[in-house]
K.L.:
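This structure is in structure tokens; I'll ask about it shortly.
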Amino acid sequence: MRTELSIKKLRSDFVKKVEELSGQSLLSCNQCGKCSAGCPMCFAMDLLPNQVIRLAQLGLEEDIAKANTVWVCASCLTCSVRCPRGVDLGRVMEAIRLVTMRKNVDYLDAVKISTATLSSLPQIALVSGFRKHTA
């Protein structure tokens, strides 16, 4: 698969919005990989956290949207603590989730969750999950 880059993508509304919402400069990340090396959720992600920030730097919103990484992120802030450049990747992930949800894209359908699962999960986990994964 070939991806075309352009100044328009690098300075897209998506990049500006993620930086605005997160309060982070995406270009501060130098791709050292420490965020990914310490991430306790990497085993369940299809892209590593540093790959998500690289795609965001390049304005490749569609590639990020196809991945599950921003939705699997536990927001534990291990990545932010490990970053030698001080990039708060947890805030970037949350900003990407917000931008996506503002497009009214739901990643969770309550009807498809079994009654047994619903009754076994803590209520606070359900509320948090629905806030995080539904628009």
Side-chain angles (χ1 to χ4, degrees):
M1 180 172 74
R2 185 175 171 174
T3 302
E4 297 291 326
L5 294 179
S6 67
I7 292 296
K8 186 177 179 181
K9 277 197 177 204
L10 294 173
R11 296 186 182 146
S12 69
D13 289 339
F14 170 73
V15 173
K16 290 175 188 172
K17 198 61 164 170
V18 169
E19 287 186 333
E20 177 186 334
L21 290 171
S22 69
Q24 304 296 301
S25 169
L26 294 177
L27 294 178
S28 293
C29 175
N30 64 0
Q31 294 293 301
C32 69
K34 288 186 177 189
C35 56
S36 297
C39 180
M41 294 304 295
C42 270
F43 71 93
M45 296 176 175
D46 48 4
L47 291 174
L48 297 174
N50 68 302
Q51 292 172 323
V52 170
I53 200 163
R54 174 59 85 205
L55 292 172
Q57 289 171 335
L58 298 173
L60 300 174
E61 180 179 7
E62 301 82 24
D63 292 349
I64 295 171
K66 292 176 192 173
N68 73 354
T69 301
V70 297
W71 305 105
V72 171
C73 172
S75 300
C76 68
L77 304 179
T78 300
C79 52
S80 301
V81 171
R82 294 177 58 97
C83 181
R85 303 275 304 199
V87 177
D88 190 340
L89 188 53
R91 291 177 74 178
V92 172
M93 293 285 201
E94 180 64 20
I96 292 170
R97 284 192 292 264
L98 288 172
V99 168
T100 304
M101 287 192 308
R102 287 179 179 172
K103 293 180 180 180
N104 291 326
V105 177
D106 289 339
Y107 287 89
L108 186 62
D109 187 358
V111 177
K112 294 181 181 176
I113 300 173
S114 72
T115 306
T117 301
L118 286 174
S119 64
S120 68
L121 293 174
Q123 186 176 12
I124 192 69
L126 291 171
V127 171
S128 174
F130 284 122
R131 285 184 181 157
K132 186 175 180 180
H133 298 289
T134 59

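When a residue number appears, it is its place in the shown sequence, counting from 1.
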K.L.:
What I want to find out is whether Arg97 reaches Glu94 closely enough, with some N-O distance under 4.0 Å, to be called a salt bridge.
P.N.:
yes
K.L.:
Looking only at heavy atoms, what is the nearest atom pair of Ile64 and Leu55, with distance?
P.N.:
CG1-CB, 3.7 Å
K.L.:
Run the side chain to side chain contact (heavy atoms under 4.5 Å, CB included) test on Ser80 and Gln24 for me, step by step, so that the C-alpha distance in whole Å, both residues' side-chain angles and the decisive distance to 0.1 Å come before the verdict.
P.N.:
CA-CA 11 Å; Ser80 301; Gln24 304 296 301; over 6 Å; no
K.L.:
I need the Leu48 CG to Cys35 SG distance, nearest 0.5 Å.
P.N.:
8.0 Å
K.L.:
Can you list the residues that meet the side chain to side chain donor-acceptor pair (under 3.5 Å) rule with Gln51, with sequence neighbours excluded?
P.N.:
none
K.L.:
When rounded to the nearest 0.5 angstrom, what distance separates SG in Cys79 from CD1 in Ile53?
P.N.:
9.0 Å
K.L.:
Using only atom types and a distance under 3.5 Å, with no angle test, would you say the side chain of Ser28 pairs donor to acceptor with the backbone of Val87?
P.N.:
no
K.L.:
So that I can tick it off, tell me whether Glu19 and Lys16 are bridged by a salt bridge, with the cut-off set at under 4.0 angstrom between side-chain N and carboxylate O.
P.N.:
no
K.L.:
Identify the two heavy atoms, one from Lys34 and one from Pro84, that lie closest to each other, and give their separation to 0.1 Å.
P.N.:
CD-CD, 4.1 Å
K.L.:
Looking only at heavy atoms, what is the nearest atom pair of Pro49 and Leu89, with distance?
P.N.:
CB-CD2, 3.4 Å
K.L.:
Does Asp13 CG have over 12 foreign heavy atoms under 6.0 Å away?
P.N.:
no
K.L.:
For Met45 and Cys39, work out which heavy atoms get closest and say how close.
P.N.:
CE-SG, 3.7 Å
K.L.:
Of all heavy-atom pairs between Ile96 and Ala56, which one has the smallest distance, and what is that distance?
P.N.:
CD1-CB, 4.4 Å
K.L.:
So which atom in Val72 and which in Ala44 form the shortest heavy-atom distance, rounded to 0.1 Å?
P.N.:
CG1-CB, 3.8 Å
K.L.:
Please round to the nearest 0.5 Å and tell me the distance separating atom CZ of Arg54 and atom CG of Asn30.
P.N.:
9.0 Å
K.L.:
Quick one: does any side-chain atom of Asp46 pair with a main-chain N or O of Asn68 as donor and acceptor, under 3.5 Å?
P.N.:
yes
K.L.:
Roughly how far apart are Gln31 CD and Ser36 OG, rounded to 0.5 Å?
P.N.:
8.0 Å
K.L.:
Would Asp88 and Leu77 count as a side chain to side chain contact (heavy atoms under 4.5 Å, CB included) here? Give the steps.
P.N.:
CA-CA 8 Å; Asp88 190 340; Leu77 304 179; 3.9 Å; yes
K.L.:
Apply side chain to side chain donor-acceptor pair (under 3.5 Å) to Glu61 and list each qualifying residue two or more places apart in sequence or on a separate chain.
P.N.:
Lys103
K.L.:
Run the numbers on Leu60 and Phe14 for side chain to side chain contact (heavy atoms under 4.5 Å, CB included), then give the verdict.
P.N.:
CA-CA 9 Å; Leu60 300 174; Phe14 170 73; over 6 Å; no
K.L.:
Is the backbone of Leu47 close enough, under 3.5 Å, to the side chain of Thr69 for a donor and an acceptor to pair up by distance?
P.N.:
yes
